[in-house]
Amino acid sequence: MRWSTVALLVPCAALAALGVRALAEDADRALTRLRAQAESAADSVALALQGEVAALAAGPPGSVVFRTRTDGVLVAPDWALDRRARPASRPAPDAVTAAPSEDSSSRTSTERDKDDAALLDYYDRDLLRAERVAGLDAAALRAREALNRPNSPAVAAALLTALGAIDRRAGRLTEARAAWRRLAEEHPTVRDDHGVLRALAARLMTLESAPVAASEAVTLYEDLLRDVPFAPENAYAYLTIRVAAAARTSLAAAEADPATVDRFQALEREARARWRELNFRTLWREGAAMWAASGAADGVRNFAVDDRPSWILSLGPITGDLRDGGALEADLLAARALTRPEVAAVISIGLRPMVGGEPSDERDVLAGRALPAPWPEGWRLRVAGADLEGFRAAERRKFLLGLALAIGALLLAAAAGVTTIRAVDREVLAANDREMFVAATTHELKTPLAAIKLLAELTPDPQLPADKRREFADRIGAEADRLARLVSAVLDFARLERASAAETRARFRPVDLGQTATEAANAFRPVAAHHGFAVRLETDERGPLIRGDAEALRGALLNLLDNAVKYAAAPHEILVRATVVDGRARLSVEDRGTGVAAADRLRIFLPFVRVGDELVRERPGAGLGLALVAKIAAAHGGSAAVAPREGGGSVFVMDLGPPDAGPPTAEIVVS
Ligand code: ADP
């Protein structure tokens, strides 16, 4: 490789290397930035979490703090303890299905139930008939009579319900409410055939049957809440909502005193807390991870509970039923944390918010923090990229694309550089050739000119004998001839040198090489004969046909024939052939001359190269003849060469490319 090429490639390679390094650094920087973001997010969240821990410990307003043992059993608040263990606010209630009957017979509860059902059916139809036949008052009377009989609690409760309904339909609201109130007080645990506690239903009906004083409504609401531990949860939910709504209506309708309003609001808070507890219990069963753990110091965890779905930030491994791990209700905590001035952001790495769930791929974890006490030992906060592997792959793709572009650019620059260097080199070589050619031509011209000048100076000398003068005149003539030959050879050469390939081809016509060889042989025959040589022609009737410059080819053949005579010790027969060899048209001249040494066989085709011994030196010539032959062959898309001839002498060959279609070669001898 040339130095100039190296000098070009080295900076290109250096630039490419710099580019690649910059790309790699860029990819690294992106990852570092991401990590830094994650670190600061982790800091923010850790800070926020600690803040929340403190807030939870202090019991934040508006939220309920549950405390559980680490085995999941609730220890606080006390009303959230197992409700069956809680002391009841009323006298011990009747058992739901095994209420002691006023009927003290030894019959089984199933038998009693059957009797009750029959009796209830009887009273139902009896009261309906009485109302239809004799009117509401008669029906109320019959109900009161029935109530005076000894009844099972279920039948008594049903009669009180019916009496209240009849009185209300009759417009006797006070009596109706009295019936329902009696029902609620005397039979708090009796259910109807839908499973609804009659006592609760009675309260609701009392409340809804007429406008009541706000304080009375609130009392009813309170009673309802006190009954809750014994109510089925759906009935409780339904009734609580209806009673609260009714109480709210009466509070709004009347000018309620502030103490009643406060009492109602406290009751509502309690009801809401119970809802949370219900939710908590449900969700606790499904997994502690749904709730925010604030530590397990003293074997107790605190949970802030809210009743909406949450993003959970997991802390440490969560296994099995999720109780072993811990979790933070991250968006709740984050939302609170964000209201603090020192917390700038809570995790958002990549496009998705990164609160909630365990990272699916450990490699995505970008930052981690061990959480200090009161967090259990070994609990960590982890910040993960949404799809760090995807991010890395994208960075890798970007890097490879950059690399490919850099290499492409380098190759392009190198190719352009090398091409330019080659072109410049060619130019320099051509300029050198031209310079050498001019120097050699000038030198060759000087020799005959110097001779002519000297002879011309000597000839006028009067003392010069006449024969000498004649000899000088002859020599002047010979030198002038030599000069003329040289000039015409130089001109021919220069013309060929100058002509572009396109110009040369423009002069091409169809040429019959057989004819060209014949013309050259015929033209040269007299000269040959003069020196005692014979010329034999071997070619087809119609020789190989090519497209070419017939005149130039004839001139080349004449040069070769001239040389055959010049460089031979003795006269002989020269053979001229126009043939096709290996699919290529060929002109050749074969002599029995001195031959060309193997070392000189390429050289002699260069301009001004003359080789050989005395014989050559005494022969006229400028060393341009074979250079012309080579150029003409090249212009025809071929080449010129010399080879030793079998039996002595040389074979000079011009290969001229594939011929146009013509007849096959047959040897015809014309001599
Ligand atoms: P010139 O004949 O003017 O010297 P050429 O280019 O025709 O120049 O030939 C170059 C050299 O090649 C000659 O000087 C001679 O040494 C050698 N040469 C050319 N033709 C023959 C030949 N037929 N036999 C032997 N040597 C030859």
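The structure presented is a predicted model; accordingly, all values stated were derived computationally and were not measured. Whatever order the structure lists them in is the order used to number ligands and atoms, beginning at 1.
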Please give me the minimum heavy-atom distance between [X] and [Y], naming the atom from each residue.
{"X": "Ala640", "Y": "Phe605", "value": "CB-CE2, 3.7 Å"}
{"X": "Leu587", "Y": "Ala578", "value": "CD2-CB, 3.8 Å"}
{"X": "Ile546", "Y": "His636", "value": "CD1-CD2, 4.0 Å"}
{"X": "Arg547", "Y": "Pro510", "value": "NH1-CD, 3.9 Å"}
{"X": "Ser588", "Y": "Val651", "value": "CB-CG1, 4.5 Å"}

Mode of Leu624 contact toward ligand 1 - side chain, backbone, both, neither (heavy atoms, under 4.0 Å):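 The answer is the backbone of Leu624.
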Which segment of Asp591 sits under 4.0 Å of ligand 1 when only heavy atoms are counted: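 The part of Asp591 near ligand 1 is the side chain, not the backbone.
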Steps toward side chain to side chain contact (heavy atoms under 4.5 Å, CB included) verdict (Val653, Val642): CA-CA 6 Å; Val653 165; Val642 63; over 6 Å; no
Heavy-atom nearest neighbour of atom 5 (P) of ligand 1 within options Val565, Val651, Val611, Leu626: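 It is Leu626 whose heavy atom sits nearest to atom 5 (P) of ligand 1.
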Best match, Asn559, Asp562, Asn563: closest heavy atom to atom 7 (O) of ligand 1: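 Shortest heavy-atom distance from atom 7 (O) of ligand 1: Asn563.
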In terms of atom number and element, which parts of ligand 1 are under 4.0 angstrom from non-hydrogen atoms of [X]?
{"X": "Ile604", "answer": "12 (O)"}
{"X": "Thr594", "answer": "24 (N), 25 (C), 26 (N)"}
{"X": "Gly623", "answer": "1 (P), 3 (O), 4 (O), 6 (O), 8 (O)"}
{"X": "Lys566", "answer": "1 (P), 2 (O), 3 (O)"}
{"X": "Val609", "answer": "10 (C), 11 (C)"}

Close approach of Phe652 to ligand 1, heavy atoms, under 4.0 angstrom: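 The answer is yes, since Phe652 has a heavy atom less than 4.0 Å from ligand 1.
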Ligand 1 contact by Gly593, heavy-atom criterion under 4.0 angstrom: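 No, Gly593 has no heavy atom closer than 4.0 Å to ligand 1.
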Gap between atom CZ of Phe652 and atom CZ of Arg645 - 0.5 Å precision: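 Reported value, rounded in 0.5 Å steps: 12.5 Å.
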Test item: Asp549 side-chain N/O and Phe508 main-chain N/O as donor-acceptor pair under 3.5 Å: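 Judged by distance alone, no pair lies under 3.5 Å.
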Ligand 1 to Val596 polar contact by distance, N or O atoms, under 3.5 Å: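 Checking ligand 1 against Val596, no N or O pair falls under 3.5 Å apart.
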